[in-house]
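Naming: A, B, ... by sequence-line order, numbering from 1 per chain.
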Amino acid sequence: MGSLGRGTMMPNDAFSELEWRGLVYEATEGLRDVLAREAVTLYIGFDPTAASLHVGSLLPMMALARMQRFGHSPIAIAGGGTGMIGDPSGKTAERQLLSVDQVDANLAGIRAQLAKVLDFDASPNPARIVNNGDWLRPLRYLDFLRDIGKHFTVNYMLAKESVKRRLDQEDGVSYTEFSYLMLQAYDFLTLFDRYGCTLQMGGSDQWGNITAGCDLVRKLRGARAHGLVMPLVTTSSGVKFGKTEAGAVWLDASLTSPFRFYQFWVNTDDRDAAAYLKYFTFLGRGEIRALEDEIARAPEAREAQRVLAREVTRTIHGGDAALRAERASALLFGERIAELDAGEIVAVFDDVPSTSMPAAAFAGAGAAVADVLVATKLASSKGEAARLVRGGGVYVNNRRVADERARLTLDSAVSGRLFVLRRGARQYHLVLADPAPGA
RNA sequence: GGGGAGGUUGCAGAGCGGUCAAAUGCAACAGACUGUAAAUCUGUCGGCCCAGCGCCUUCGGAGGUUCGAAUCCUCCCCUCCCCA
């Protein structure tokens, strides 16, 4: 294994880099020295519980990419084997089992997303994505019990936090999930054998699983393996990270549009912005410190949030999409929306939540605002729409709608064909009155 | 197999024949204040309309008793606890 990394990116910076970014929650003894001495191969596992990863997975994804930039070789495990069992870590209830087809389908989507931050052509340390289903699915039960199970005492497994917590609960933990620990340890062993992988990273809830793998490698191969876990990403306001009104924030553009993705980051709490810049971007110390100063000096400018949003969106959706999201945001949240002409708005039409409706609907008496709100899903029912209007939470072309029975007509549209609907402070939706309906 | 407790509007959790679309808390949404931030305060929080002390659909499911049922009865389904 490992020749040394290139001179420009000294591997020995990796640990202090992670430390500075606040990514070291816990690490095995001696890891700092190992990383200072040699280029290692490391891995992180990703669960195929859905067809797309969400922003919560961004932290470990970025961690792999960072390590690669420091000359280490990253491996992402897509858990096509372990995903079939379900990790009890951090869970309070037994998980729903996924079918093989589901797991495989989900893997395809996840691989594509991991590929966005990893470099598979880097030399001498290309990234790899492997599927642990390749070695876990063919496992034979008796062989596994004899070769691997023999090295785990039940006492040891019962002492693990993830199991202990579940034991105290009424539901308990199934034998299936109880066994998860051994499978993950076996993954580590397999990667050690195949790729000389000596470091596993993960979220803080993975500590027990990771140390179990380290122990297994030591017992069976007499080698020293390491673990490092990163903190749970929190929000200062106490909300679960990665959630918005619309639900989880996904990395897949068809589930969460780049515009919404960008908006998610722009809305970051002041108190979290600096930490997120360290967690989720490749920006260096100097740049981040400068942005921290900006937060203190001119918080209303939201410069840190803008940079954060731009960087993360670019990483995941590419430069073009990031630019468009940024432009659309500047347009909608800018000073002078009222004066915009339809051309400018149409330019961002595809990047912002939007709907086309036949122009005929707005002819004559026009369309009821409540109906349009429901049609655009800004309100879930007419009743809710009426309530929103009554509460002063609805704007058309940036002017508050005063009457819940108001109607939209073409002569009030921007350039006679566009309505900019807004719910509350920041939910925008464009409506285009399409003169050529049907098709 | 025996005994017991229970399934209520996103969650938690009241209600136990009419005054129940159903207390309260949390979450959520909107308003005020702001900076697309936080905190705080206020309001809303099943659906429909001709907006009324109006109509419809909800309290695990199906029937029944009653002028009237989330509340009582019967059967069924599901969950948990205790004893075997």
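One can place NZ of K382(A) at 19 Å from P of U57(B), the figure rounded to the nearest angstrom. Summarising the geometry, the separation between CD on Q263(A) and P on A37(B) is reported as 10 Å, rounded to the nearest angstrom. Computed from coordinates, the D272(A) CG to A39(B) P distance equals 11 Å when rounded to whole Å. Atom CG in L388(A) sits roughly 7 Å away from atom P in A30(B) (whole-Å rounding). Here A39(B) presents its C1' atom at 8 Å from CZ of R271(A), a figure rounded to the nearest Å. Put simply, CG on L291(A) is 19 Å from P on A37(B), counting in whole angstrom units. U36(B) atom P lies 12 Å from atom CG of D270(A), rounded to whole Å. Regarding L308(A), its CG atom lies at a distance of 17 Å from the P atom of U36(B), rounded to whole Å.
Side-chain proximity of Q305(A) to A51(B), A30(B), G35(B): nearest is G35(B). In this structure, the nucleotide among U36(B), C48(B), A30(B) sitting nearest to the side chain of R423(A) is A30(B).
Separating the C1' atom of G61(B) from that of G6(B) is a span of 16 Å, rounded to the nearest Å. C41(B) and A14(B): their C1' atoms are spaced 27 Å apart (whole Å). The same atom, P, is picked in C59(B) and in A21(B); the two are 14 Å apart, to the nearest Å. With both ends at atom C1', the span from U24(B) to G13(B) equals 8 Å, rounded to whole Å. Nucleotides U66(B) and C11(B) have their C1' atoms positioned 35 Å apart, rounded to a whole Å. U36(B) sits 24 Å from U42(B) when the P atoms are compared, rounded to a whole Å. Distance noted for atom P between G17(B) and C26(B): 29 Å (whole Å). Separation of the P atoms belonging to A62(B) and C67(B) is 23 Å when rounded to the nearest angstrom.
The aromatic rings of F419(A) and F362(A) lie tilted to each other, with the angle between the two planes from 30° to 60°. Ring geometry, Y175(A) versus F178(A): the interplanar angle falls from 30° to 60°, so the pair is classed tilted.
Base pairing of U79(B) is made with A5(B), judged by Watson-Crick or G-U wobble geometry with both donor-acceptor distances under 3.5 Å. A 3.5 Å limit on both hydrogen-bonding distances identifies G18(B) as the Watson-Crick or G-U partner of C67(B). Under the Watson-Crick or G-U wobble criterion, with both distances below 3.5 Å, A12(B) is paired with U24(B). The pairing partner recorded for A30(B) is U42(B), the criterion being a Watson-Crick or G-U wobble arrangement whose two distances lie under 3.5 angstrom.
Nearer to the 5' terminus of RNA chain B, by closest-nucleotide assignment, is the contact made by G424(A) (compared with the other of N267(A) and G424(A)). Taking the nucleotide of RNA chain B with the nearest heavy atom to each of D371(A) and R400(A), the more 5' of the two is matched to R400(A).
Of the possible donor and acceptor atoms, none in the side chain of T313(A) sits under 3.5 Å from a partner among the backbone N and O of R310(A).
Heavy atoms of E384(A) sit nowhere under 4.0 angstrom from any nucleic acid atom. Using a 4.0 Å heavy-atom distance criterion, D269(A) is classed as a sugar-phosphate-only contact. Contact annotation for Y395(A): backbone-only contact, meaning every heavy-atom pair under 4.0 Å involves sugar-phosphate atoms and none involves a base. Within 4.0 Å (heavy atoms only), R405(A) reaches no atom of the nucleic acid at all. Here S329(A) lies in heavy-atom contact (under 4.0 Å) with a base.
For S381(A), a side-chain nitrogen or oxygen approaches OP1 or OP2 of C48(B) to under 4.0 Å. At the phosphate of A37(B), OP1 or OP2 sits under 4.0 Å from a side-chain N or O atom of R426(A). A close approach under 4.0 Å does not occur between any side-chain nitrogen or oxygen of R387(A) and OP1 or OP2 of A28(B).
For the atom pair CD1 of I148(A) and CG of L183(A), the computed distance is 10.0 Å after rounding to the nearest 0.5 Å.
Paired with Q305(A) under the rule side chain to side chain donor-acceptor pair (under 3.5 Å), one option of N267(A), D270(A), D269(A) passes, and it is D270(A). None of F259(A), Y279(A), F280(A) except one satisfies the ring pair (Phe, Tyr, Trp, His ring centres under 6.0 Å) rule with W265(A); the exception is F280(A).
There is a side-chain donor-acceptor pair under 3.5 Å between Q200(A) and Q184(A).
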